[in-house]
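Notes follow the structure.
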There are 2 protein chains.
Amino acid sequence: MLNHIGANDIALQEAYNQMDVQRPPRTAEMQVPAESSFKVACSNCNLRELCLPIGLSTAEMNRLDGIVATRKKVKQGGHLFSSGDPFTTLYAIRTGFFKTCVVSEDGREQVTGFQMAGEIMGLDGIVSDHHNCNAIALEDAEVCVMPFNHVEDLSREIPVLQRHVHKIMSREIVRENGVMMLLANMRAEERLAAFLLNLLQRLHARGYSKSELILRMTREEIGSYLGMKLETVSRTFSKFSDEGIIEVKQKNIRILDHEKLQTIFNASTC
Amino acid sequence: MLNHIGANDIALQEAYNQMDVQRPPRTAEMQVPAESSFKVACSNCNLRELCLPIGLSTAEMNRLDGIVATRKKVKQGGHLFSSGDPFTTLYAIRTGFFKTCVVSEDGREQVTGFQMAGEIMGLDGIVSDHHNCNAIALEDAEVCVMPFNHVEDLSREIPVLQRHVHKIMSREIVRENGVMMLLANMRAEERLAAFLLNLLQRLHARGYSKSELILRMTREEIGSYLGMKLETVSRTFSKFSDEGIIEVKQKNIRILDHEKLQTIFNASTC
DNA sequence: CGATCCGTTGAACAACCTCAAGACGGGTGG
DNA sequence: CCACCCGTCTTGAGGTTGTTCAACGGATCG
C-alpha cells in the first residue's frame with residue numbers, strides 16, 4: 001500500500017540498500033546559470049539503475065547513451081517547465097528535488113508530487129503536446145534532458161526500453177491511485193505518516209538513512225500535496241513529536257519510532 | 001480544468017458531436033455468460049475513433065485488427081480483473097460502464113475512476129505485471145481484449161500507434177492530477193458539480209444528451225470517488241435540486257441550469 | 001409480496017479550517 | 001558582527017463543513 005504513493009524506484013530498493021552516498025553540501029561555486037548544459041553519458045551514470053531498464057546489452061547501452069541530449073541545471077525556485085509550455089522532452093533528475101503542481105483557473109495550487117534523483121518528469125505533457133503542470137526545483141538541481149521523439153525512436157528498436165517506458169508511466173498511474181486513496185479516505189495523521197514513510201523509503205533506496213530526513217518543501221507544500229492546511233501539518237508534526245514518534249527541528253526530521261508510524265499509517269480502526 | 005478529470009476522449013469530442021446514438025435498453029437475452037468470447041475486427045468498429053489513433057493507412061488498419069484477440073462479456077457486478085491478478089492484457093470497453101477501485105489493507109475502498117465505451121482499462125497492471133485495482137462492471141458490459149505483448153509489438157512497427165498508447169497513459173496521469181486537485185481543494189458542491197459536468201461531457205461525446213444522464217453507480221460509489229460520504233452526496237444532490245439546478249429522480253438526473261453548474265465548479269470565491 | 005438494498009433527511013458531533021498572534025531562523029545590509 | 005527583516009513555523013480560540021448515527025421511505029427483485 002505504501003508503494004501506491006511511492007516513486008519509480010520500488011523494485012530497485014534492495015539493489016540500493018548498500019549505497020551510502022551522502023548528499024554533498026551545496027556551495028556557491030556549484031551554482032551555474034540555469035540554462036547551461038553539456039553532453040554526458042548514461043552508461044557510467046551512478047543513477048542508471050534508477051532511470052534505465054536493467055539487463056541491457058553493451059551495444060544497447062551505447063545506443064541509449066544518446067538518449068540524453070544534454071543536461072540542464074535549475075536553481076532553487078526555478079521552473080524546469082511550466083503549464084502550457086510545448087512538450088518536447090522528458091527529464092530525469094540527476095541531483096536535486098522538485099515539486100510538480102497544477103494550478104486551477106481560480107488560482108488554487110495543487111502539488112501533485114515531489115520528485116527526487118532518478119525519477120522522471122514530464123509525462124503529463126505527452127497527451128496534449130503541452131505540459132500540464134509546473135515543475136519547480138525545491139533545491140538547486142540538475143536534470144538529464146531526453147527528447148521524447150528520441151525516446152520513442154529508441155523504444156521501437158529496444159523492446160526492453162519500450163517496456164521500461166511503459167512501466168514508468170504505469171507506475172505514475174498507480175502512485176496517483178494511492179494518493180487518491182490517501183486524500184479521499186485518510187485522516188490528517190494517517191496522511192502525514194504515509195507521506196513520511198514514503199519519503200523515507202525513497203531516500204533509503206538512494207542510500208540515505210531510514211531514521212532521518214530533511215524536508216525540502218515547506219509545510220504549505222506538504223499540506224497542498226496531502227490536502228490539508230499548513231497549520232494542520234504543523235500541528236500533526238507537533239502531535240507526533242509529543243508522542244515520541246519523531247523529533248522535529250524545522251525541516252530536520254528524526255524518526256524515533258518507525259513502527260508506530262507504520263501503525264498510524266495502517267490504522268483503519270481510528 | 002474540467003479535462004483534468006476527463007476521460008480519454010477529450011480531443012475527439014468535436015468529432016462525435018453529431019453522433020446521436022441512444023443506448024439500447026438492456027434485455028435479459030443480451031446477458032450471456034461472463035466468460036464467453038469471440039473474434040472481431042476494429043476496422044469497422046464504430047468506436048474506433050475512441051480507442052485507436054486517427055490517420056492510419058488501410059494497411060496499418062488491417063494489421064491493427066489483430067490487436068483485439070477476443071471480446072469478453074462481463075455481467076453487472078462482475079470483475080473484469082481484480083487486484084493481484086496477473087497482468088497480460090489491456091481492455092477497451094465496447095459497451096457498458098465500469099468502475100475501478102483500490103482497496104487498502106484495512107478494507108477501505110477507493111473508487112479511482114468510472115469508465116465508459118471507448119476507454120481503456122488495465123494500464124495500472126503494467127508496472128508490476130499484476131493488476132493493482134479491481135475493475136467491476138456497473139452494468140452488463142462487453143470489452144475488447146488486447147494482449148499487451150501484442151500492443152507493444154505493433155507499437156514498435158506503427159509509430160502512430162506507439163504515440164497513441166503513450167497519449168492514453170499520459171491522459172490518465174493528467175486525469176488523476178485533476179482528481180487530486182478536486183479531492184484536496186474543493187468543497188462538496190464543487191466536487192459534485194465537477195463530477196456531473198465531466199460525465200455529461202463524456203456522454204455527450206458519445207452522442208448522448210447534454211442535459212440528461214443516468215447514473216450507473218450508487219451514491220456510495222460517487223462518494224468514494226469524490227472523497228465524501230454517501231449522505232453528503234445525497235444532501236448535495238438535494239441542494240442542487242432545491243436550487244433548481246438539476247432534477248433528481250433516483251439515478252436519473254436532468255440538468256436544468258448547466259451554466260450554474262459550471263459556475264459552482266469554477267467557484268473559488270465561495 | 002416480503003426482503004433487501006438504496007436513498008433521503010435530521011440532529012449531534014468531530015475534524016479540520018480560519019483567523020490571529022507570536023517565535024524562530026536565515027540572510028542581508030549597515 | 002550585529003540588528004533587522006522576512007519568510008516560515010507554531011500555537012490558540014472559535015467557527016464551519018462534513019461525518020456519524022439513526023430512522024424512515026421507496027425501489028427493485030426474487
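In what follows, every heavy atom counts, from backbone to side chain, and hydrogens, waters and symmetry copies are set aside. By convention in this document, chain letters (A, B, ...) are assigned in the order of the sequence lines, proteins followed by strands, and residues within each chain are numbered from 1.
Remark: Ser241(A) pairs with no residue by the side-chain hydrogen bond (donor to acceptor under 3.5 Å, both in side chains) rule, at least two apart or across chains.
Residue Glu109(B) qualifies as enclosed at atom CD: its count of foreign heavy atoms under 6.0 Å is above 12.
Side-chain contact between Ile222(A) and Leu230(A): absent, with no pair of heavy atoms (C-beta onward) separated by less than 4.5 Å. Residues Thr100(B) and Val111(B) are not in side-chain contact: their nearest non-hydrogen atoms beyond the backbone lie 4.5 Å or more apart. In this structure the side chain of Leu183(A) reaches within 4.5 angstrom of the side chain of Arg191(A), judged on heavy atoms. Between Glu142(B) and Thr95(B), the closest side-chain pair of non-hydrogen atoms falls below 4.5 Å.
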- Message: Each nucleotide in nucleotides 25-30 of chain D should get exactly one letter: B, S or -. Can you fill that in based on protein heavy atoms under 4.0 Å?
- Response: ------
- Task: Would you mind building the protein contact string for nucleotides 12-23 of chain D? One character per nucleotide, 5' to 3', B for base within reach (heavy atoms under 4.0 Å), S for sugar-phosphate only, - for untouched.
- Result: BB---SSBBB--
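Side-chain contact check for Asp140(B) and Gln76(B): no donor-acceptor pair (N or O, by modelled atom type) lies under 3.5 Å. Looking only at atom types and distance, the side chain of Ser104(A) has no donor-acceptor partner in the side chain of Gln110(A) under 3.5 Å away.
Looking at heavy-atom distances under 4.0 Å, Ser234(B) makes contact with a base. At a threshold of 4.0 angstrom between heavy atoms, the contacts of Lys249(A) with the nucleic acid are absent.
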- Query: Checking side-chain contact (heavy atoms from CB on, under 4.5 Å) for the pair Leu192(A)/Phe195(A): CA distance, chi angles, key distance, verdict?
  - Reply: CA-CA 5 Å; Leu192(A) 196 64; Phe195(A) 172 74; 4.2 Å; yes
- Item | Steps toward salt bridge (Lys or Arg N to Asp or Glu O under 4.0 Å) verdict (Arg175(A), Glu119(A)) | CA-CA 13 Å; Arg175(A) 180 189 73 87; Glu119(A) 296 176 349; over 6 Å; no
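Across residues 217-224 of chain B, not one residue has a non-hydrogen atom less than 4.0 Å from an atom of DNA chain D.
A centroid separation of 6.0 Å or more is found between the aromatic rings of Phe98(A) and Phe114(A).
A distance-only check finds a donor-acceptor pair linking the side chain of Lys251(A) to the backbone of Met217(A) [under 3.5 Å]. Distance alone, capped at 3.5 Å, places no donor-acceptor pair between the Thr112(B) side chain and the Asn177(A) backbone.
Rounded to the nearest 0.5 angstrom, Arg254(B) CZ and Ser211(B) OG are separated by 6.0 Å.
In summary, of the residues considered (Asn134(A), Ile136(A), Asp124(A), Val74(A)), a side chain to side chain contact (heavy atoms under 4.5 Å, CB included) with Phe81(A) occurs for Asp124(A) alone.
Among the nucleotides dT11(D), dT8(D), dT10(D), the one closest to the side chain of Leu230(A) is dT10(D).
End-to-end axis angle for the helix from dC1(C)-dG30(D) to dG30(C)-dC1(D), using five pairs per end and rounding to 10°, comes out at 40°.
dT8(D) atom P lies 16 Å from atom CZ of Arg216(A), rounded to whole Å.
Taking a heavy-atom distance under 4.0 Å as the criterion, the stretch of DNA chain C touched by chain B extends 5' to 3' from dG7(C) to dA11(C).
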